[in-house]
Q: 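Below is a structure I'd like to ask you about.
Just so you know, residue 1 is the first one in the sequence shown, and it goes up from there. Counting convention: from 1, in listed order, for ligands and their atoms alike.
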Amino acid sequence: MPAIQCSAGCGSRAQLKRPKTGDALCKECFYFAFETEVHFTIVKAKLFNRGDYVAIGASGGKDSTVLAYIMKTLNDRYDYGLKLVLLSIDEGITGYRDDSLETVKRNRDQYEIPLKILSYEDLYGWTMDKIVAQVGLKNNCTFCGVFRRQALDRGAMQLGVNKIVTGHNADDIAETVIMNILRGDIARLQRCTAITTGSDADGAIPRCKPFKYTYEKEIVMYAYFKQLDYFSTECIYSPNAYRGYARSYIKEVEKIRASAIIDIIHSGENLSITDKAKSRMPTQGTCKECGYISSQDTCKACVMLTGLNKGLPQLGIGKSSKHKKTLNQLQEENKEVNGIKNSEQTNLLQSAPR
Ligand code: SF4
Ligand code: ZN
Ligand code: ZN
C-alpha cells in the first residue's frame, strides 16, 4: 500500500491524523498548523501589547507546559516583545502537586523562563491536604478553585505583571458552556467564552486564554511528538462529578463530529443576553477583609477561610447570601472576643496567615 502523503503538500509522508480537521499531516506541518493557529488567535484578539509582562499559570500539566513552550516559541518567532514568567500555585497536595512542581522547575530550566511559586500554606495557613481532612472529598474543588483564583492574582501582583495567561483549552471552555446551560446560568454562559476576562478598569489583572480554540487532543499530540516534559497524573482529590459529566459528553460528541467543540464555543459567543440577565452579573469591587478583587463585600476566599478557621467549612459553599447571617454573627462574636466594641470593620481574618 503506498504511503499517504502529507496533505499540506510538503512532499513528506503523513505521520498523523489531525484531530481537529481529520487532515493527514507530517509532524512538521502539524507543528506549524498548531502554532500558527494559536498565533492567529493571539493576533486576532489582540491579546498582548509590546512590552507586556506576562505570567503563565503553570501547573506542570500538559496544557500549561505546552502553553509555556508555545508562548516562548511565538514570542521569539514573531517578536511579540513580551517578558515571560512562570507562576505556579502549590495547593499542598502530597503526592500530586509536589511532583508536578518538580516538572515546572525543569520547564523553568528547559525554557529559560523564571518561576515564582506561591503556596496555599503561606497565603491562607491551610494546605489542600488539611482542607480535605476537614471538609472531606465533596466540596474540596470549590475551596481549591476559589483559593487558586485569588492566589494567581496575588502572585501576579507580587510579580508586577500586567497579564496572566492560562492553559484553558477549547474542550475546557465547551465543558463550561455545557455546565452553565445545565445550571441555567445565562449570564455566565456568555461570559465563560470570553478570551480575556478582567480588565485594568475594574482593578483586575486581565487573564487570557490563548488556547481558546485549541483542542485538547492536539495539545496532547503536540506534547507527545515534541517530547515535552509534563506531568500527567490526575489530582488525587478530583471527584468533580459535575464537570466529569460535561467532560464525557463533550468527548462523546467529539467522536461523532469533531467540529462540535468549536460549535459549542461559537454558540456561547453568539448568544445575546437580555439586560435582565446581565443585571444579575455581580459588579466587581474589592474585599473589605483582604483588599483583593471581589463582587461581594467580603470575597469568597475570605468567607471560606473564616469557615475553615471556625470549624464551619460549609460557610463558603453555595449562595453567599445564605451565609451572610452566619458570617455577620461570627464577626460580631469576634468583636466581643477581642473586646473591640465600636470598630466598624473588625478584620475577622487578621490572625490568619496570608
Ligand atoms: Fe484542586 Fe480539585 Fe483540581 Fe485537585 S482536582 S487540584 S483539589 S481543584
Ligand atoms: Zn508536511
Ligand atoms: Zn477577601
Q: Under 4.5 Å between side-chain heavy atoms, counting indirect links through other Ile/Leu/Val/Met/Phe/Trp/Tyr residues: same cluster for I42 and I113 or not?
A: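 Looking at the clustering, I113 is in the same group as I42.
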Q: Identify, by atom number and element, the atoms of ligand 1 in contact range of R148, meaning under 4.0 Å from any of its heavy atoms.
A: 1 (Fe), 3 (Fe), 6 (S), 8 (S)
Q: Looking at the rings of Y69 and Y111, which for Trp means the six-membered one, are their centres under 6.0 Å apart?
A: yes
Q: Examine C144 and say whether one of its N/O/S atoms is closer to atom 2 (Fe) of ligand 1 than 2.8 Å.
A: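 So C144 does not count as coordinating atom 2 (Fe) of ligand 1.
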Q: Within the side chain of D98, is there an N or O that forms a donor-acceptor pair under 3.5 Å with the backbone of Y96?
A: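 Here the side-chain-to-backbone pair exists.
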Q: What pair of heavy atoms forms the shortest contact from C144 to E91, and how long is it?
A: SG-CG, 3.8 Å
Q: Please could you name the atoms of ligand 1 that S238 approaches to less than 4.0 Å, counting only its heavy atoms?
A: 5 (S)
Q: State, to the nearest 10 degrees, the angle whose vertex is the Zn ion (ligand 2) and whose arms point to SG of C29 and SG of C26.
A: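 It rounds to 100°.
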Q: Pick one of side chain, backbone, both or neither for how N140 approaches ligand 1, counting any non-hydrogen atom pair under 4.0 Å.
A: side chain
Q: State, to 0.1 Å, how close K62 and V220 come at their nearest heavy-atom pair, and which atoms those are.
A: CD-CG2, 3.4 Å
Q: For ligand 1, which atoms have a heavy atom of Y237 less than 4.0 angstrom away?
A: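 By the 4.0 Å cutoff, the relevant atoms are 2 (Fe), 5 (S), 7 (S).
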Q: Please calculate the SG(C6)-the Zn ion (ligand 2)-SG(C10) angle and round it to 10 degrees.
A: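 That angle is 110°.
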Q: Could you check whether any side-chain N or O of N169 sits under 3.5 Å from a backbone N or O of Y213, counting only pairs where one atom can act as donor and the other as acceptor?
A: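 Between the backbone of Y213 and the side chain of N169 there is no qualifying donor-acceptor contact (under 3.5 Å).
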Q: For ligand 1, which atoms sit closer than 4.0 Å to a heavy atom of C235?
A: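 Listed by number with element, the hits are 4 (Fe), 5 (S), 6 (S), 7 (S).
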